[in-house]
Amino acid sequence: MSDLLARHRAVIPNWVALYYNEPIEIVSGKGNRVVDSSGKSYLDFFAGILTNMIGYDVPEVREAVERQLATGVVHTSTVYLLRGQIELAEKIARLSGIPDAKVFFTNSGTEANETALLLATYARKSDQVLAMRQSYHGRSFGAVSVTSNRSWKNNSLSPLNVHFLHGADRHLAQFKGLSDADYIKACVEDLRHVLATSVSNDVAALIAEPIQGVGGFTMAPDGLFAAYQEVLAEQGILFISDEVQTGWGRTGSAFFGIHNHGVTPDMMTFAKGLGNGFAVGGVVARGDLMDGLHATGLATFGGNPISMAAANATLDYVLDHDLQANAARTGTIIIDGLREAATRLPIVGGVRGKGLMFAVELVDPATGAPAPALAARFMEETKKAGLLAGKGGLYGNALRMAPPLTLTVDEAAEGLGIIVDALEVINAEVVS
């Protein structure tokens, strides 16, 4: 065991998980590649869990941060005007499509979701919240309560009264074989039943990820959330879209994931990629909801000048280089290639994704049961070949990958080759 790993285990909690049998320390990065402390280079297909959205050492971001640092002002707080915060809020409000939108900045997605839940429960004067099965919304007290994955829940205590809905669980026996339309119909009927049986009046909100991150990039069929929203609107129930992983053009087909469903929610939360590694999160919501709170509030570090400089530069880069279109182009290369390979690899139970957000489900070829051990084996094989990937899913058997939106066509082909080669090696080990 390396000295650094031993020091990590001595002072960092055991529940802060590390990838790989021999964890790596990343010491430098350029473009879409990183280098570890041994000098080995990797093509990065996980991007710090979707956070290094436009890659490493991007001049536009670095120079924006350096300009702010040169002023000597790293922090002032929100009791003073913050030009960068106002400029970024104007951009996000415009892109959101939410009418009369206002923006509140936080430091993380967890904090953003806590804020959205506060706004919704305050506006509706209710602690009742709907969420999705297999969801993940953060590690804090309130966020864990709307998380539906036992691997990420430390207790059942909750400040909220939560009921979980179907929508990303088509692997269940009762839904297998259903068309998108029939599955949506079944889910909507279940929502109506929940509202008729499990709650009292005045449910505050539904919070949902358009594509579930920790859930292994499982997703509802396009149109489900539009159908849900119709039912919610009948009772004035608010809709919060958790865009922490799906925002900023990553899906290729829409700038925010929920727009793939033809829905404009009441609120959207965001974080991760917006700062390209700098800590930033936030909520964009209808102005009446955002202004509704009666008590004074702030986030000490939320929207600070450094993170705002990075986020403005990152968002401008995404828009100026049309990285949404690049996500669609390069994602199609990878997803189509994975689906073709899956036809000859019995260990692959399925391939799913949109744009540069895709996953491979690994199963026991004899039984079809989830195979988390094979996912762990894949991680070691791709590490050896020079590619960083992620894993997750409800059963720990989903390989989830989300390269920077700046991925080139050549890098997409290179990464696809490494993934398929690793799957072939593992398939031969299992099937032979």
Side-chain angles (χ1 to χ4, degrees), residues 97-99 113 116-137 142-150 153 156 158-212 215 218-243 246 254 256-269 285-286 288-289 394:
I98 296 173
N113 285 330
L117 292 167
L118 171 64
L119 293 173
T121 54
Y122 184 91
R124 295 281 291 163
K125 302 297 185 285
S126 170
D127 68 348
Q128 297 180 110
V129 173
L130 306 174
M132 307 298 292
R133 295 186 182 193
Q134 303 176 185
S135 60
Y136 175 81
H137 296 287
V144 163
S145 71
V146 290
T147 288
S148 177
N149 184 322
R150 283 185 64 181
K153 290 178 82 79
S156 61
S158 172
L160 301 168
N161 184 349
V162 185
H163 299 274
F164 293 100
L165 305 177
H166 298 292
D169 49 10
R170 295 178 76 169
H171 63 285
L172 297 178
Q174 63 266 41
F175 300 130
K176 279 187 177 178
L178 292 183
S179 67
D180 284 355
D182 286 342
Y183 179 62
I184 291 172
K185 181 180 178 182
C187 291
V188 170
E189 288 175 351
D190 178 71
L191 169 60
R192 289 192 180 279
H193 195 252
V194 168
L195 293 175
T197 62
S198 301
V199 304
S200 63
N201 292 331
D202 300 327
V203 172
L206 165 65
I207 183 169
E209 304 158 274
I211 300 177
Q212 295 180 332
T218 47
M219 67 189 82
D222 289 350
L224 173 70
F225 290 120
Y228 271 179
Q229 191 183 44
E230 287 185 16
V231 177
L232 302 178
E234 293 171 5
Q235 300 188 28
I237 300 169
L238 301 173
F239 186 20
I240 304 164
S241 183
D242 179 341
E243 299 281 346
T246 51
F256 291 101
I258 198 62
H259 292 161
N260 287 307
H261 292 258
V263 168
T264 299
D266 299 288
M267 304 182 222
M268 291 193 288
T269 59
R286 286 178 8 215
D288 62 307
L289 295 172
L394 185 61

Measure across P221 and G167 and return the closest heavy-atom pair with its distance rounded to 0.1 Å.
CD-O, 4.0 Å

Criterion side-chain contact (heavy atoms from CB on, under 4.5 Å) against P210, the qualifying member of I258, V263, N260
I258

Nearest 0.5 angstrom please: Q212 CD to L394 CG, how far?
9.0 Å

Spatial distance of atom CD1 (I207) from atom CG (L130) [nearest 0.5 Å]:
11.0 Å

Would the distance check show the side chain of H261 and the main-chain N or O of G223 forming a donor-acceptor pair, the cut-off being under 3.5 Å?
yes

Just wondering, are more than 12 heavy atoms of other shown residues or ligands nearer than 6.0 Å to NZ in K125?
yes

Taking the six-membered ring of Y183 as reference, does the NZ or CZ atom of K185 fall below 6.0 Å from its centre and within a 45° cone about the axis?
no

Does any N or O in the side chain of T246 come within less than 3.5 Å of the main-chain N or O of I211, such that one atom is a donor and the other an acceptor?
no

Is D242 reaching over with its side chain to a backbone N or O of T269, donor-acceptor style, under 3.5 angstrom?
no

Less than 4.5 Å apart, side chain to side chain, heavy atoms only: is that true for M132 and D169?
no

List the residues meeting side-chain contact (heavy atoms from CB on, under 4.5 Å) with S145, not counting sequence neighbours, and say none if there are none.
S158, P159, L160, V162

Donor-acceptor check, side chain of K153 to backbone of V144, threshold 3.5 angstrom: yes or no?
yes

What's the shortest heavy-atom distance between H137 and V146, and which atoms?
CD2-O, 3.1 Å

Do any side-chain atoms of residues 224-238 form donor-acceptor pairs under 3.5 angstrom with protein atoms, and if so which ones, sequence neighbours left out?
| unit_1 | atom_1 | unit_2 | atom_2 | d |
| --- | --- | --- | --- | --- |
| Y228 | OH | H166 | O | 2.6 |
| Q229 | NE2 | T264 | O | 3.2 |
| E234 | OE1 | R192 | NH1 | 3.1 |
| E234 | OE2 | R192 | NH2 | 3.0 |

Output the distance between atom OG (S135) and atom CG (L165), rounded to the nearest 0.5 Å.
9.5 Å

What distance do S198 atom OG and Q128 atom CD have between them, rounded to the nearest 0.5 Å?
9.5 Å

Separation between CG (D190) and CD (Q174), nearest 0.5 Å, reads 9.5 Å

Residues at least two apart in sequence or cross-chain that pass side-chain hydrogen bond (donor to acceptor under 3.5 Å, both in side chains) with R170, listed by chain then number, are D180

Closest non-hydrogen contact found for L117 with G142 is CD1-O, 4.2 Å

Nearest non-hydrogen partners of V199 and L195, listed with the distance
CG2-O, 3.6 Å

If I take atom CG from residue L119 and atom CG from residue D288, how far apart are they, to the nearest 0.5 angstrom?
10.5 Å

